[in-house]
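Structure first, commentary second.
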Amino acid sequence: MSAMDMTNLTGAALLGSRDLTGAATFQAIDPATGTALEPAFFEAGPAEVGQAAALAAQAYPLYRATTPEARAAFLDAIAGKIEALGDTLIARAARETGLPVARLTGERARTTGQLRLFASWVRAGGADEPRLDSALPERTPLPRADLRLRHIGLGPVVVFGASNFPLAFSVAGGDTASALAAGCPVIVKGHPAHPGTSELVGRAIRAAVVEAGLPEGVFSLLTGTSNELGGALVADPRIKAVGFTGSRGGGLALCRIAASRPEPIPVFAEMSSINPVFLLPAALEARAEALAAGFVGSLTMGAGQFCTNPGLVIAMAGPALDRFIAAAATAVSAAPAATMLTPGIAGAYGKGVAALAEQPEVTELAHGGEGGVNACRPALFVTDAAAFLREPLLSHEVFGASSLVIRCADEAEMAAVAAALEGQLTATLHLEAADHALAARLLPVLEDKAGRILANGWPTGVEVCHAMVHGGPFPATSDPRSTSVGTLAIRRFLRPVCYQDLPDALLPAAVQAGNPLGLPRLVDGTPASIGETRP
Ligand SMILES: NC(=O)C1=CN([C@@H]2O[C@H](COP(=O)(O)OP(=O)(O)OC[C@H]3O[C@@H](n4cnc5c(N)ncnc54)[C@H](O)[C@@H]3O)[C@@H](O)[C@H]2O)C=CC1
Ligand SMILES: O=C(O)CCC(=O)C(=O)O
């Protein structure tokens with residue numbers, strides 16, 4: 001297909017190089033109007049899962065044997081082809097998600113930047129990560145063998161596109177980029193809320209596969225609305241790992257399927273987080289109004305549809321907190337309603353806010369303007385720490401622009417709230433020098449709870465870089481040992497293989513003598529310079 005044709009939507013699922021269509025179809029809904037969008041998209045099912053998994057399994061040995069440079073060039077090409085889709089991509093994504101064009105334009109840059117970052121990381125040896133330990137034939141009482149380790153891709157990976165980031169966490173998002181960088185073929189289960197956006201990006205990836213001369217099974221995109229489709233993908237014996245961003249219920253259902261297979265596989269599910277923000281006393285005293293402005297900006301961004309949204313604010317009761325509450329309530333009242341991603345998400349938000357409002361010990365402080373169909377009215381509530389500690393419902397995620405302020409009587413109560421939290425993607429401290437002692441007391445607890453701890457910032461907006469952790473203990477994710485954003489995400493889809501005393505001619509290039517790929521390697525525990533020829 002030419003670059004021009006890549007922008008035409010057909011409604012097909014992409015099975016390697018083949019387009020799949022059929023009688024069973026579904027349509028995207030424009031959430032701003034509630035109307036169905038053309039065209040109709042193919043409802044893939046278990047039969048297509050089998051075909052996609054067979055193609056991916058066929059592609060795996062060839063794809064994982066590609067050089068770092070070949071894989072990096074492929075990732076760079078995907079980024080270029082997404083950019084070449086131009087305004088068509090942004091316009092379709094805006095109609096399918098209700099997200100503003102400026103936000104989607106920024107998200108596209110984040111997506112292509114992420115692909116290019118993984119390309120550079122693979123070139124720098126971030127996939128192979130070779131380690132070599134020299135033979136010690138004279139060692140007593142026993143000699144040591146020659147040991148060489150490198151990492152290989154786990155095998156075909158299934159990625160579930162997220163609804164709330166139709167580019168950066170969807171078809172060519174972080175999970176796909178990190179799995180492809182690791183040398184794993186990818187089958188994307190497209191999110192049914194943005195099938196047109198998914199097809200456009202899917203065709204861009206397919207074009208890059210063809211251009212790179214890679215096997216067609218390196219990438220497939222299956223579209224569909226049924227849980228059976230996702231379940232069959234996770235259950236297929238040829239699939240070796242899963243990346244997911246979405247609801248706690250969906251993520252846990254997939255974890256159960258993966259764990260009950262004859263061969264269980266890892267599911268890296270990012271699910272639910274309320275991202276506590278602690279306003280420590282000196283900071284609150286010094287800048288209550290500025291904190292309120294920053295908080296409401298972060299809360300209402302993207303109709304609050306960020307898993308990093310600040311859903312809980314914890315502070316000591318007193319005049320400074322009253323100032324913060326008054327300013328935040330004014331800002332929330334003035335905040336306009338915004339269209340949410342899907343009727344289902346808007347419905348869940350409405351129910352979540354109503355459930356909070358019904359709690360006897362919770363007071364509604366403010367809500368934003370009325371909106372049209374599927375709109376989110378921002379909402380702000382307050383309760384006290386004793387009520388929060390008593391009632392589990394108060395710590396449930398309400399996906400959207402709703403937040404709960406918790407008044408604490410003293411430091412001990414603040415520490416008790418921190419200790420009672422579930423696992424989180426982020427925890428934020430607003431502090432001044434005079435708050436350091438309290439912050440130091442909270443920090444070990446927050447380290448146990450969260451993947452990222454921020455000072456004097458807001459959790460929305462995740463930087464894509466080497467030191468990022470977008471993960472955390474359950475229920476933030478199903479596996480706290482990694483991240484779904486940043487180059488460390490590649491580790492989820494790699495496994496180490498050690499070669500003991502193999503002849504050099506049989507070793508993979510990454511660990512051969514002479515370092516023909518020129519990768520940084522750990523040699524006898526010491527980083528060896530590129531081009532290092534030992535041992
Ligand atoms: N933590 C986060 O980053 C996000 C959380 N959410 C939460 O999820 C709710 C619903 O939003 P969605 O994005 O539609 O998430 P979802 O979890 O309902 O769906 C995500 C994907 O998983 C699939 N899926 C869900 N349950 C499944 C099951 N039991 N078996 C097989 N496949 C399944 C869906 O078809 C879809 O492709 C939101 O109201 C919000 O609470 C949504 C987006 C991001
Ligand atoms: O805050 C961000 O930039 C990313 C948030 C995220 O990962 C999500 O909402 O799924």
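Each residue takes its place number in the sequence, starting with 1. Ligands are counted one by one from 1 in listed order, and the atoms in each one are counted from 1 as well.
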Please say whether [X] places an N or O atom under 3.5 Å from an N or O atom belonging to ligand 2.
X    : answer
T245 : no
H470 : yes
C307 : yes
G461 : yes

Point to revise | F42 vs E48, side chain to side chain contact (heavy atoms under 4.5 Å, CB included): CA-CA, chis, key distance, verdict | key: CA-CA 11 Å; F42 178 52; E48 290 75 31; 3.6 Å; yes
Point to revise | Nearest candidate to atom 28 (C) of ligand 1, where distance is taken over non-hydrogen atoms, out of T477, N227, T225 | key: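 Looking at heavy atoms only, the winner is N227.
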Starting from [atom], locate the nearest protein heavy atom and write down its residue, its atom name and how far away it is, to 0.1 Å.
atom                    : result
atom 29 (N) of ligand 1 : A253 CB, 3.3 Å
atom 13 (O) of ligand 1 : S163 OG, 2.6 Å
atom 5 (C) of ligand 1  : G246 O, 3.2 Å
atom 19 (O) of ligand 1 : H191 NE2, 4.0 Å
atom 1 (O) of ligand 2  : T308 OG1, 2.7 Å
atom 41 (O) of ligand 1 : F399 CB, 3.3 Å
atom 39 (O) of ligand 1 : I345 CG1, 3.7 Å
atom 25 (C) of ligand 1 : G250 CA, 3.9 Å

Considering only heavy atoms of [X], which atoms of ligand 1 have at least one such atom less than 4.0 Å away?
X    : answer
M271 : 1 (N), 2 (C), 5 (C)
K189 : 34 (C), 35 (O), 36 (C), 37 (O)
C307 : 1 (N), 2 (C), 3 (O)
F160 : 22 (O)
F244 : 17 (O), 20 (C), 21 (C), 22 (O)
T245 : 3 (O)

Exercise for review: Examine distances only and state if a side-chain atom of T477 and a backbone atom of G472 form a donor-acceptor pair shorter than 3.5 Å.
Suggested key: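 Judged by distance alone, yes, a pair lies under 3.5 Å.
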Review point. Quick check: does any side chain N or O of Q27 sit under 3.5 Å from a backbone N or O of P39, one acting as donor and the other as acceptor?
Key: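 No, the answer is negative, given that no donor and acceptor are paired below the 3.5 Å cut-off.
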Going by an N to O cut-off under 4.0 Å, is there a salt bridge joining [X] and [Y]?
X    : Y    : result
E361 : R390 : yes
E358 : K351 : no
E263 : K240 : yes
R108 : D87  : no

Review point. What atoms of ligand 2 come closer than 4.0 angstrom to any heavy atom of V462?
Key: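 Those qualifying, in numeric order: 1 (O), 2 (C), 3 (O), 4 (C).
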Exercise for review: Could you tell me which atoms of ligand 2, counted from 1 in the order shown, lie closer than 4.0 angstrom to a heavy atom of F165?
Suggested key: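 Within the 4.0 Å cut-off of F165, ligand 2 contributes 2 (C), 3 (O), 4 (C), 5 (C), 6 (C), 8 (C), 9 (O).
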Check your understanding: Does ligand 2 have an atom that lies less than 4.0 angstrom from a heavy atom of A162?
Key ->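 Heavy atoms of A162 never come under 4.0 Å of ligand 2.
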Exercise for review: Check whether any side-chain heavy atom of T428 sits under 4.5 Å from a side-chain heavy atom of N456, and report yes or no.
Suggested key: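 No, too far: nothing below the 4.5 Å cut-off.
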**Study point:** Worked verdict on S395 versus L421 for side chain to side chain contact (heavy atoms under 4.5 Å, CB included)
**Key:** CA-CA 8 Å; S395 56; L421 293 169; 5.7 Å; no
Check your understanding: Applying a strict 4.0 Å limit to heavy atoms, is P192 in contact with ligand 1?
Key ->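 Judged by the 4.0 Å heavy-atom criterion, P192 does count as contacting ligand 1.
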Check your understanding: Which one holds for T342 and ligand 1: side chain close, backbone close, both close, or neither close, with close meaning a heavy atom under 4.0 Å?
Key ->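 Contact part for T342 vs ligand 1: neither.
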Review point. When the ring planes of H430 and W458 are compared, do they come out parallel, tilted or perpendicular, using 30° and 60° as the limits?
Key: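 Answer is tilted, since the angle falls between 30° and 60°.
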Exercise for review: Describe, in one word, how the ring planes of F295 and F324 are oriented to each other, choosing from parallel (under 30°), tilted (30 to 60°) and perpendicular (over 60°).
Suggested key: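 The arrangement is tilted - the two ring planes meet at 30° to 60°.
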Practice item. Verify side chain to side chain contact (heavy atoms under 4.5 Å, CB included) between E199 and F41, making sure each step is shown before the conclusion. Key: CA-CA 9 Å; E199 184 187 336; F41 286 83; 3.5 Å; yes
Check your understanding: Between S247 and ligand 1, does any nitrogen or oxygen pair lie at a separation below 3.5 Å?
Key ->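 Indeed, backbone or side chain, S247 has an N or O that close.
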Exercise for review: Answer yes or no: does an N/O atom from A348 fall short of 3.5 Å to an N/O atom of ligand 1?
Suggested key: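 No; the residue has no nitrogen or oxygen that sits under 3.5 Å from a nitrogen or oxygen of the ligand.
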Practice item. Would you name the heavy atoms of L75 and A177 that are closest together and state the gap between them? Key: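 Shortest heavy-atom contact: CD2-O, 4.1 Å.
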Review point. Looking only at heavy atoms, what is the nearest atom pair of Y63 and L180, with distance?
Key: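 Heavy-atom minimum between the residues: OH-O, 2.7 Å.
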**Study point:** Under-4.0 Å heavy-atom contact with ligand 2, by part of R110 that carries it
**Key:**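 Within the 4.0 Å criterion, R110 contacts ligand 2 through side-chain atoms alone.
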Review point. Would you say the side-chain atoms of T197 and E96 include a donor-acceptor pair closer than 3.5 Å?
Key: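 Yes, side-chain donor-acceptor contact under 3.5 Å.
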Check your understanding: Yes or no on side chain to side chain contact (heavy atoms under 4.5 Å, CB included) for V201 and L167, after CA distance, side-chain angles and deciding distance?
Key -> CA-CA 8 Å; V201 173; L167 302 172; 4.2 Å; yes
